[in-house]
Amino acid sequence: MSATAYLAATGSALPGPPVDNATLGRVLGVSEEWVDIFVGTRTRHFGWDLHTGEVRHTLADLCAQAGGAAIEAAGLDPVDIEFVLLATATPDTLLPTTASEVADRLGLMYLPAFQIQSGCSGAVQALDLGRTLIGGGARAGLVIGGDVTHRHLDARRDVARMPTEELVNYVLFGDGAGAAVLTAEPVAERVQIKGLLNRFTGLGRPAGQTVDWYGISDRNSERPMVVEDYKAIEESVPTMAREILWELLDQLEWTPDDLDFLLPPQLSGRMTERITEHLDVPGAKEVSCVAETGNTGNALVLQQLTRLLPDLPTGGRALAIAVESSKWIKSGLGLEKV
């Protein structure tokens, strides 16, 4: 039997002012209309200067801000937190882990600080592990997800020579972090995790996305840092999202009519519109953020939850869906406010 765990509160962090398509288009030398039509994301935030590349907000900065906000909103003290789980694909350094750096900044000590390397499913994976730790006796813990783009995107490059599968990343992604406090008892927001799906489904399948990294021996390599197989993603994610929806509904013994809110996968503004139409749950209110935040990877689900919680009434039900296209991970969770 799965452990009972509750979301007590959430927090989020976005660096700097929003960057709209007109501004990004001028820097990259592409048309604003192309960004609008192809991606459908209106704004995103960057922790680095688009013109100079100077990093002004690190991943640890954003994760500590989101984590601190979640602890405060839960009405807890740092001493009440018994574990930290941080999911990311873009750590500031390989060692020390960003999870350890964030624990240090939040004044957390003598507790497990795990880091999960993941993508769009990372927040759900961290909540899954957090729920297990709650089941093992922990009373409260902090789950964080976040990503930054400065190491993988360089707006000073000649984008005219860049293939579309690489260029799309410059308009698709943004920087940000989200966090949630998990508790063993219902406190603060009192949202119970009723069910959770976390499943690798990439056996024998080519990756839909590759995020590379360089070392001292290949730092001058010209291979791209981030590559999207956008056609594979466009074909597979809507179908996978619908499978997740029905697997979770079956697990929870709910029907689509039982849902008050739906948190669909957040790939881009345009893709999320298509996926939501494909899910076809007209009675549930959509909670999305990607059109304003850009794709913030591991932060997405937690940022959606931050938008959901103020509107979720007692007895209200919500279902969140996340698909990680790097190696095809299906994930999601069902929530009910008690």
Side-chain angles (χ1 to χ4, degrees), residues 1-12 66-77 80-83 85 123-124 126-135 137-145 178-198 241 244-266 276 279-289 292 299-322 331-338:
M1 181 177 291
S2 300
T4 299
Y6 299 85
L7 296 176
T10 61
S12 67
I71 294 172
E72 182 178 355
L76 300 180
D77 292 323
D80 297 320
I81 300 299
E82 298 181 24
F83 61 82
L85 301 170
V124 179
L127 288 169
D128 191 11
L129 180 53
R131 192 173 62 154
T132 300
L133 294 173
I134 291 288
R139 290 162 296 182
L142 182 62
V143 171
I144 305 173
V181 170
L182 273 185
T183 54
E185 300 293 333
V187 298
E189 293 287 353
R190 307 169 64 91
V191 176
Q192 185 178 358
I193 298 177
K194 299 288 290 186
L196 191 148
L197 181 71
N198 174 20
I244 294 167
L245 168 71
W246 283 101
E247 285 184 52
L248 275 170
L249 289 176
D250 287 345
Q251 180 189 133
L252 295 163
E253 299 183 344
W254 292 353
T255 72
D257 291 338
D258 293 323
L259 297 179
D260 300 294
F261 294 91
L262 177 68
L263 285 59
Q266 304 289 290
T276 303
L279 290 172
D280 192 23
V281 189
K285 183 178 180 181
E286 178 188 347
V287 180
S288 290
C289 61
E292 291 83 34
L300 285 166
V301 170
L302 295 165
Q303 290 179 330
Q304 287 173 278
L305 292 176
T306 298
R307 294 186 175 209
L308 166 71
L309 293 192
D311 296 329
L312 188 64
T314 300
R317 290 174 169 176
L319 193 142
I321 299 170
S331 66
L333 65 161
L335 303 166
E336 182 175 337
K337 184 161 183 171
V338 299

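Rounded to the nearest 0.5 Å, atoms CD1 (I71) and CG (L142) are 5.0 Å apart. For the atom pair CG of D128 and CG of L85, the computed distance is 10.5 Å after rounding to the nearest 0.5 Å. For the atom pair R131 CZ and I193 CD1, the distance stands at 6.5 Å (nearest 0.5 Å). How far OH of Y6 is from CG of L335: 12.5 Å, rounded to the nearest 0.5 Å. Taking CG of L252 as the reference point, atom CD of E247 lies at 11.5 Å (rounded to 0.5 Å). For the atom pair I244 CD1 and I321 CD1, the distance stands at 6.0 Å (nearest 0.5 Å).
Shortest non-hydrogen contact noted between A320 and L248 is O-CD1, 4.0 Å. Considering all non-hydrogen atoms of both residues, A70 and G11 come closest at CB-N, 3.7 Å. Heavy atoms only, all atoms of each residue included: P265 and A241 are closest at CG-CB, 3.9 Å. Contact record, G137 with E82: O-OE1, 4.4 Å, taken as the closest heavy-atom pair. The two residues P256 and W246 have their closest heavy-atom pair at CG-CH2, 3.6 Å. A322 and V124 get closest at one heavy-atom pair: CB-CG2, 4.5 Å.
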Subject >> side chain to side chain contact (heavy atoms under 4.5 Å, CB included) assessment of L263 paired with L319 >> reply: CA-CA 6 Å; L263 285 59; L319 193 142; over 6 Å; no
**OP:** Give the intermediate values and the outcome of side chain to side chain contact (heavy atoms under 4.5 Å, CB included) for residues D80 and R139.
**Re:** CA-CA 8 Å; D80 297 320; R139 290 162 296 182; over 6 Å; no
**OP:** Could you please spell out the steps behind the side chain to side chain contact (heavy atoms under 4.5 Å, CB included) verdict for F83 and I134?
**Re:** CA-CA 9 Å; F83 61 82; I134 291 288; 4.1 Å; yes
**OP:** Walk me through it: do L245 and L259 pass the test side chain to side chain contact (heavy atoms under 4.5 Å, CB included)?
**Re:** CA-CA 11 Å; L245 168 71; L259 297 179; 4.3 Å; yes
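Between the side chain of E286 and the backbone N or O of P264, no donor-acceptor pair lies under 3.5 Å. Here the side chain of D258 pairs a donor or acceptor atom with the backbone of T255 at under 3.5 angstrom. The closest donor-acceptor contact from the side chain of Q304 to the backbone of L262 lies at 3.5 Å or more, if one exists at all.
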Check: residues 305-317 side-chain donor-acceptor pairs under 3.5 Å, at least two apart:
from : atom 1 : to   : atom 2 : distance (Å)
T306 : OG1    : T10  : OG1    : 3.0
T306 : OG1    : L302 : O      : 3.0
R307 : NH1    : S288 : O      : 3.1
R307 : NH1    : E292 : OE1    : 3.3
R317 : NE     : E336 : OE1    : 3.1

Please tabulate, one pair per line, all N/O donor-acceptor pairs under 3.5 Å involving side-chain atoms of residues 181-191, not counting sequence neighbours.
from : atom 1 : to   : atom 2 : distance (Å)
T183 : OG1    : E185 : O      : 2.8
E189 : OE1    : K337 : NZ     : 3.3
R190 : NE     : V338 : O      : 3.4
R190 : NH1    : P186 : O      : 3.4

